[in-house]
Amino acid sequence: MKCARCSLELPAAARRAGISIFVGGDEYTYTYWYCESCLHYTVESYHDRFVGEDSIDVLPPVPKAIGDCALALIAACPQPFDKWCDCPSHKALYYGVPREG
């Protein structure tokens, strides 16, 4: 995985957490990678489509404070990879990154 901000190749140890979300019949798995060099998170979005080809995208770089908030939300869920979970963490991360405000 390359950092979305500085393009540094991130080692496996940079993978910090992930969560799966159910959206309109599809599953999104958001995986957070942390770059020690530029202090930003890269969020990989794996879109498992019910119909059609799966895809992998990378969201825009996420500042450390927002990424740390997302990791705390993921840690608060007992089963972050359960796409059917309806907990506050899954709701807050519906779009992969917590919304500000």
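This is a predicted model, so every value here is computed, not measured.
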key: Selection residues 62-89 - residue pairs positive for ring pair (Phe, Tyr, Trp, His ring centres under 6.0 Å), sequence neighbours left out   =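 Passing the test, one end in residues 62-89: F22-W84.
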Could you tell me the separation between the [atom1] atom of [X] and the [atom2] atom of [Y], rounded to the nearest 0.5 Å?
X	Y	atom1	atom2	value
S45	Y30	OG	OH	4.5 Å
R15	T42	CZ	OG1	13.5 Å
I19	L93	CD1	CG	5.0 Å
L39	C35	CG	SG	7.5 Å

Check whether [X] and [Y] end up in the same hydrophobic cluster, where Ile, Leu, Val, Met, Phe, Trp and Tyr are linked by side-chain heavy atoms less than 4.5 Å apart.
X	Y	answer
M1	V43	no
V97	V58	no
I21	W33	no

ask   = Can you list every pair that meets side-chain hydrogen bond (donor to acceptor under 3.5 Å, both in side chains) and has a residue in residues 3-13, with sequence neighbours left out?
value =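 For residues 3-13: none.
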task = Compare all side-chain heavy atoms of S37 with those of C3 and state whether any distance is below 4.5 angstrom.
result =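 They are not in side-chain contact.
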ask   = Judged by atom type as modelled, is there a donor-acceptor pair below 3.5 Å linking the side chain of S89 to the main-chain atoms of L73?
value =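 Indeed, once roles are kept as given, a pair shorter than 3.5 Å links the two residues.
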ask   = Under the salt bridge (Lys or Arg N to Asp or Glu O under 4.0 Å) test, which residues partner K64, sequence neighbours left out?
value =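 Listed in chain order: D68.
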task = Tell me yes or no: between the side chains of D26 and H47, is some donor less than 3.5 Å from an acceptor?
result =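 A donor-acceptor contact under 3.5 Å links the two side chains.
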message = Could you report the tightest heavy-atom contact between Y32 and G67, atom names first, then the distance?
response =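 Shortest heavy-atom contact: CE2-CA, 4.2 Å.
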Got a sec, which residues hit side chain to side chain contact (heavy atoms under 4.5 Å, CB included) with [X], two or more places apart in sequence or on another chain?
X	result
R16	Y34, E36, Y41, L71
C85	C77, D82, C87, H90
Y46	T29, D48, D54, I56
D86	K91

key: Partners meeting side chain to side chain donor-acceptor pair (under 3.5 Å) with E44 (sequence neighbours left out)   =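 Testing E44 for side chain to side chain donor-acceptor pair (under 3.5 Å), a comparison that skips the adjacent residues, returns none.
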